[in-house]
Amino acid sequence: TPAVGLVEFRNVTFGYPGAERPVLDNVSFTAEPGKTTAIVGSTGAGKTSLINLIPRLYDPQQGEVLIDGVPVSSLTRAQVSSVVGLVSQKPYLFSGTIASNLRFGRASATDDDLWEALRVAQGEDFVRNKAKGLDDPISQGGTNVSGGQRQRLCIARALVAKPRVYLFDDSFSALDVSTDARLREALGEVTGDATVIIVAQRVSSITDADQILVVDDGVIVGRGTHEELVERNETYRQIVES
Ligand code: DGT
Ligand code: MG
C-alpha cells in the first residue's frame with residue numbers, strides 16, 4: 001500500500017552507544033503530510049540526532065518513531081528508505097558522475113527527471129555550465145564541487161527519489177539568502193502532499209512553516225507557528241535575535 005508519510009514520535013528517548021546521558025529526552029510530535037515542520041535550536045541541541053532516527057540510522061532506547069502508524073523498528077532500512085529521503089547535514093557525493101549521483105536510489109529516473117530536480121534545487125545553471133553536463137565527473141566525496149553545489153546536488157538527489165517524507169538537515173545553510181528563498185519556493189511547489197521536515201539554522205527561511213519545534217538540550221521546549229513562538233517562547237526569541 002502506498003505510504004502517506006505521517007511521521008510520529010511517541011515519547012522518544014535516545015542516547016548514543018556508550019554515552020552517559022541521552023541526547024533526546026521524551027520527544028513527542030507529529031509531522032503531517034502536505035505540511036512543513038521546522039526544527040530549530042542551538043548547536044548541539046539534538047536536531048540531527050532527532051531526524052536521523054526516522055530513517056533508522058539509530059534506534060531509540062525508549063518510545064517509538066512511527067510512519068503511518070507503523071513503528072519504523074518493524075521495517076528494514078531499505079523499506080524506510082523507500083519512503084524517507086534524508087538530505088544529511090554533511091551532504092555526501094560518491095565517485096561517478098553528476099547523473100549517477102542523482103540517480104542513486106532511483107535508477108529508472110530519466111534525464112528530464114534529473115534536470116527537473118536540478119531546477120528545483122537551484123543547481124540547473126551550474127550543471128549546464130559543466131563541460132559534460134549531467135555526465136560531468138564527481139570525485140569521491142564531491143571534492144571537485146563547492147559546498148553549496150554539493151548541497152544542491154544532494155537536494156536534487158532527494159527530489160529525484162520522490163519520497164513521501166523529506167528530511168532536510170540544515171540543507172540550505174551554504175546558500176545565499178536569495179537562492180535559499182527561490183529554492184524554498186520551488187520546493188513548496190513540488191513536495192505537494194509529502195511530509196517535509198526541515199532543520200534550519202537560519203530562522204528567516206522557516207518563518208512560514210506550518211509547525212516549528214524548538215529543541216533545547218534534547219527536549220522540545222516550544223512548538224507553534226513563528227508568530228505564536230515569537231509571542232510566547234523565550235528560547236525561540238533568542239534564536240530569532242541571534
Ligand atoms: P548542530 O548541527 O551543530 O546545529 O547540532 P544538532 O542540534 O544537530 O546536534 P546533534 O544532534 O548533532 O548533537 C546532539 C548531541 O549529541 C551533542 O552533544 C553531540 C552528540 N553527538 C552527535 N553525534 C554523535 C555521535 O555520533 N556520537 C556521540 N557519542 N555523540 C554524538
Ligand atoms: Mg545537526
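Atoms within a ligand are numbered from 1 in the order they appear, just like the ligands themselves. We're numbering straight along the sequence, starting at 1.
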Identify, by atom number and element, the atoms of ligand 1 in contact range of [X], meaning under 4.0 Å from any of its heavy atoms.
X      : result
Thr43  : 1 (P), 3 (O), 4 (O), 5 (O)
Gly44  : 1 (P), 3 (O), 5 (O), 6 (P), 7 (O), 9 (O), 14 (C), 15 (C), 17 (C)
Tyr58  : 26 (O)
Thr48  : 2 (O), 6 (P), 8 (O), 11 (O), 12 (O)
Gln201 : 4 (O)

* Asked: Which value, rounded to the nearest 0.5 Å, describes the distance between Asp136 atom CG and Arg128 atom CZ?
  ->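 Answer for the CG-CZ pair, Asp136 versus Arg128, is 13.5 Å.
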* Could you grab the distance from atom CD of Glu228 to atom CD1 of Ile212, nearest 0.5 Å is fine? =>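 If we round to the nearest 0.5 Å, Glu228:CD and Ile212:CD1 are 9.0 Å apart.
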* Check: Tyr236 and Val203 side chains under 4.5 Å, non-hydrogen atoms ->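 Side chain of Val203 against side chain of Tyr236, heavy atoms only: contact under 4.5 Å found.
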* Asked: Side-chain contact, heavy-atom cut-off 4.5 Å: Leu118 with Leu153?
  ->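 Result yes, sub-4.5 Å side-chain heavy-atom pair found.
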Any side-chain donor near an acceptor of the partner, [X] and [Y], under 3.5 Å:
X      : Y      : value
Tyr92  : Gln140 : yes
Asp113 : Thr110 : yes
Thr37  : Gln211 : yes
Thr48  : Asp169 : yes

* **Sidechain-backbone polar pair: Asp68 side chain, Val4 backbone, donor-acceptor under 3.5 Å** =>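 It does hold such a pair.
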* Main-chain N/O of Asn26 paired with Thr13 side-chain donor or acceptor, under 3.5 Å ->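 Yes; at least one donor-acceptor contact below 3.5 Å.
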* Can you confirm whether something in the protein, heavy atoms only, sits under 4.0 Å from atom 25 (C) of ligand 1? =>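 Looking at atom 25 (C) of ligand 1, one finds that a protein heavy atom does lie closer than 4.0 Å.
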Nearest non-hydrogen protein atom, [atom]:
atom                    : result
atom 4 (O) of ligand 1  : Lys47 NZ, 2.7 Å
atom 2 (O) of ligand 1  : Gln89 NE2, 2.8 Å
atom 29 (N) of ligand 1 : Tyr16 CB, 3.4 Å

* Quick one: does Pro17 get an N or O within less than 3.5 Å of an N or O on ligand 1? ->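 No.
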* Heteroatom proximity flag, Gly46 to ligand 1, N/O under 3.5 Å ->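 Yes, there is a polar N/O contact under 3.5 Å.
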* For ligand 1, is there an atom lying under 4.0 Å from some heavy atom of Ala19? ->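 Under 4.0 Å: no for Ala19.
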* Total protein N/O/S atoms whose distance from the Mg ion (ligand 2) is less than 2.8 Å ->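 The number of such protein atoms is 2.
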* **Proximity of Val23 to ligand 1 by residue part, where a heavy atom lies under 4.0 Å** =>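 It is the side chain that gets close, since no backbone atom is under 4.0 Å.
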* Go through the steps for Asn144 and Ser139 under the test side-chain hydrogen bond (donor to acceptor under 3.5 Å, both in side chains), then give the verdict. => CA-CA 6 Å; Asn144 62 330; Ser139 57; 3.2 Å; yes
* **Shortest heavy-atom approach to atom 10 (P) of ligand 1 - which of Pro22, Ser173, Ala200, Ser49** =>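 Closest candidate by heavy-atom distance is Ser49.
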Going by atom type alone, with no hydrogens or angles, which donor-acceptor pairs under 3.5 Å involve a side-chain atom of residues 173-188 and a protein atom two or more places apart or on another chain?
{"residue": "Ser173", "atom": "OG", "partner": "Gln151", "partner atom": "NE2", "Å": "3.4"}
{"residue": "Ser173", "atom": "OG", "partner": "Asp170", "partner atom": "O", "Å": "3.2"}
{"residue": "Asp176", "atom": "OD1", "partner": "Ser178", "partner atom": "N", "Å": "3.1"}
{"residue": "Asp176", "atom": "OD1", "partner": "Ser178", "partner atom": "OG", "Å": "2.9"}
{"residue": "Asp176", "atom": "OD1", "partner": "Thr179", "partner atom": "N", "Å": "2.9"}
{"residue": "Asp176", "atom": "OD1", "partner": "Thr179", "partner atom": "OG1", "Å": "3.0"}
{"residue": "Asp176", "atom": "OD2", "partner": "Thr179", "partner atom": "OG1", "Å": "3.0"}
{"residue": "Asp180", "atom": "OD2", "partner": "Arg202", "partner atom": "NH1", "Å": "2.6"}
{"residue": "Arg182", "atom": "NH1", "partner": "Gln122", "partner atom": "OE1", "Å": "3.2"}
{"residue": "Arg184", "atom": "NH1", "partner": "Ser205", "partner atom": "O", "Å": "2.2"}

* To do: Can you label the angle between the Phe172 ring and the Phe168 ring as parallel, tilted or perpendicular, going by 30° and 60°?
  =>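 Phe172 and Phe168: tilted rings.
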